[in-house]
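Below, chains carry the letters A, B, ... as their sequence lines are ordered, and counting in each starts from 1.
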Amino acid sequence: MALRLFDSMQRELRELRRPDSAKPEDLFTFYNCGPTVYAPAHIGNFRTFLVNDVLRRVLELEFGADRIKHVRNLTDVDDRTIAQAQKEGRPLAEITRKWTEIFHLDCASLNCLPPHVEPTATGHIREQVNMIEVLMEKGNAYRAPDGSVYFKVSSFADYGRLSRIKERELKVTNTLADADHKDDLSDFALWKAYKPTEDGDVKWTGPCGAEPGRPGWHIECSAMSKKHLGDTIDLHTGGVDLLFPHHENEIAQSQCCNGTTFARHWYHSEHLLVNGTTMSKSKGNFFTLSDLTSKGYSPMAIRLALLSGHPRKQLNFTLDSLHAAESALRKLQSLADRTIAAAGKTTADFYNTAEILRHRSAPELASRGLSSLREDLNTPGALGELFSERATSDSGRDDSPIGEFRSLARIIHALGLNLHPATAATAEVPASIKQLAEQRWAAKAARDFKAADALRAEISAAGWSMLDRKDGFTLEPKK
RNA sequence: GGCGCGGUAGCCAAGUGGUAAGGCCGAGCUCUGCAAAAGCUCUAUGCGACGGUUCGAUUCCGUCCCGCGCCUCCA
């Protein structure tokens with residue numbers, strides 16, 4: 001069965017290109033627009049990164065981990081990063097480094113695989129300048145009076161094909177744009193000339209014939225994908241908001257510069273809403289990961305909640321959905337524990353990625369929701385099949401304990417759920433509570449239930465829950 | 001105004017031209033001194049409204065109502 005994904009350009013499900021198995025150097029190239037590092041990413045941003053993480057995992061299962069090259073950039077110079085640095089009175093690099101580190105920590109706690117390459121805009125100034133120079137030479141770009149460089153939209157006949165926006169519509173609606181230096185309202189900046197009052201000390205030598213300054217936002221992705229993945233990439237992804245203008249502009253720049261198709265396949269994931277409206281920094285209606293973890297929600301529940309809607313449909317985020325995810329997660333963990341025990345395996349075996357990938361085409365694995373993932377990344381469909389333990393139409397499924405084990409390990413891996421997070425972070429049980437618990441356990445063993453209940457009430461009053469098992473007890477901070 | 005997406009049980013959410021997956025919540029049961037946890041079972045004659053096509057429509061077509069997104073800050 002093929003791996004199909006909706007293509008925003010052609011507006012239909014299309015099979016993803018399979019690398020040529022005869023040529024080990026032939027890789028599936030995948031570029032995902034990353035975050036702008038000037039503030040914490042919110043969980044709406046993470047929805048997109050999570051969807052891309054599942055996509056990456058499914059691609060690895062489909063084509064082999066060594067056949068994928070995944071690039072996700074960091075935008076570390078643009079209006080917002082510069083504005084933040086100016087506001088704090090600190091160097092740009094200091095601001096972007098700080099938020100990059102936090103982004104990485106958030107990604108790790110959400111169990112996202114790091115991309116193979118994570119290029120930065122400031123690390124690729126030369127490449128961007130080179131592209132701009134080529135575009136100027138070819139007549140697709142021009143120097144404005146202030147020394148900035150703009151892309152001439154009218155020079156690219158295909159402009160607007162991805163977003164279905166026609167040039168004349170742009171001109172009608174775009175009345176607020178800074179037309180001061182442009183030849184045409186729909187033209188966009190490739191290079192922005194330095195402005196001492198706004199830009200602090202952020203400037204680089206510009207393209208030949210332009211003033212010093214900094215690259216525009218769109219050219220960075222064109223330059224970085226060209227450098228790390230070549231002139232034509234297999235798949236380019238991002239949030240729907242990037243369709244226009246960002247991706248439209250990338251296409252214009254790259255195709256005019258390189259003379260070839262920029263991306264074979266475009267994929268856009270939908271927005272996360274909160275209270276029925278888009279979560280965004282400008283609206284101030286967003287949750288960050290730490291907003292939620294500080295309320296006691298686990299990163300895995302957040303991951304599950306964000307994957308519980310179809311990636312190409314808007315998803316309304318609520319705290320209720322996190323409660324539901326926490327409960328569902330416990331159910332999955334219990335299912336995993338039973339499956340692991342039945343197969344005589346360990347949790348380490350369950351998360352053994354090398355082993356999972358080694359068995360990636362084994363027949364018993366062609367079930368349990370993976371087929372939903374293969375069909376346009378239907379994460380809620382996959383979750384449904386996973387819970388119902390219902391084999392899909394694939395025949396030859398192996399229902400033995402070991403087959404079940406591999407099947408479950410594989411879909412859990414594809415969804416990137418870690419059902420057994422390290423417990424090192426759990427709170428230490430105070431000695432006094434421990435002592436009360438021991439006393440209660442002894443009272444219970446002596447069948448003095450009155451004393452046992454009194455002791456549990458005491459433990460409870462101190463903020464702890466005592467849960468009995470056959471062979472002992474567990475103490476947990478009360479929720 | 002232009003372009004696009006969606007409306008499925010109390011909440012969330014898949015899916016299909018042939019009679020509604022799953023999760024949460026709730027209820028019952030099993031287990032347990034009692035709890036908790038866990039397991040099992042139950043929970044939409046119904047898929048925004050009205051028309052049309054069809055043997056048959058939640059699924060296709062049309063009209064309408066409601067919600068959301070994009071149209072140079074945005075994942």
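Residue A:Ser327 places its side chain closer to B:rC25 than to any other of B:rA13, B:rC25, B:rC68. Side-chain atoms of A:His271 lie closest to B:rA75 of the nucleotides B:rA75, B:rA38, B:rC24.
Neither OP1 nor OP2 of B:rC73 sits under 4.0 Å from any side-chain N or O of A:Thr36. Dashed line: the shortest gap from a side-chain N or O of A:Arg456 to OP1 or OP2 of B:rA35 is not under 4.0 Å. Note on A:Asn249: every side-chain N or O is 4.0 Å or more away from OP1 and OP2 of B:rU72. In terms of phosphate contacts, A:Lys313 brings a side-chain nitrogen or oxygen within less than 4.0 Å of OP1 or OP2 of B:rG7.
With respect to the salt-bridge test (charged N to carboxylate O, under 4.0 angstrom), the residues A:Asp79 and A:Lys192 qualify.
Taking the side chain as every heavy atom from C-beta outward, A:His124 and A:His228 approach each other to under 4.5 Å.
Using a 4.0 Å heavy-atom distance criterion, A:His246 is classed as making no nucleic acid contact. Using a 4.0 Å heavy-atom cutoff across all strands shown, A:Asp78 reaches no nucleic acid atom at all.
Relative ring orientation between A:His246 and A:His218 is described as tilted, the plane-to-plane angle lying within the 30° to 60° band.
With a 3.5 Å limit on both pairing distances and Watson-Crick or G-U wobble geometry required, the stems of 3 or more pairs in RNA chain B span B:1-7 with B:65-71, B:10-12 with B:22-24, B:26-30 with B:38-42, B:48-52 with B:60-64.
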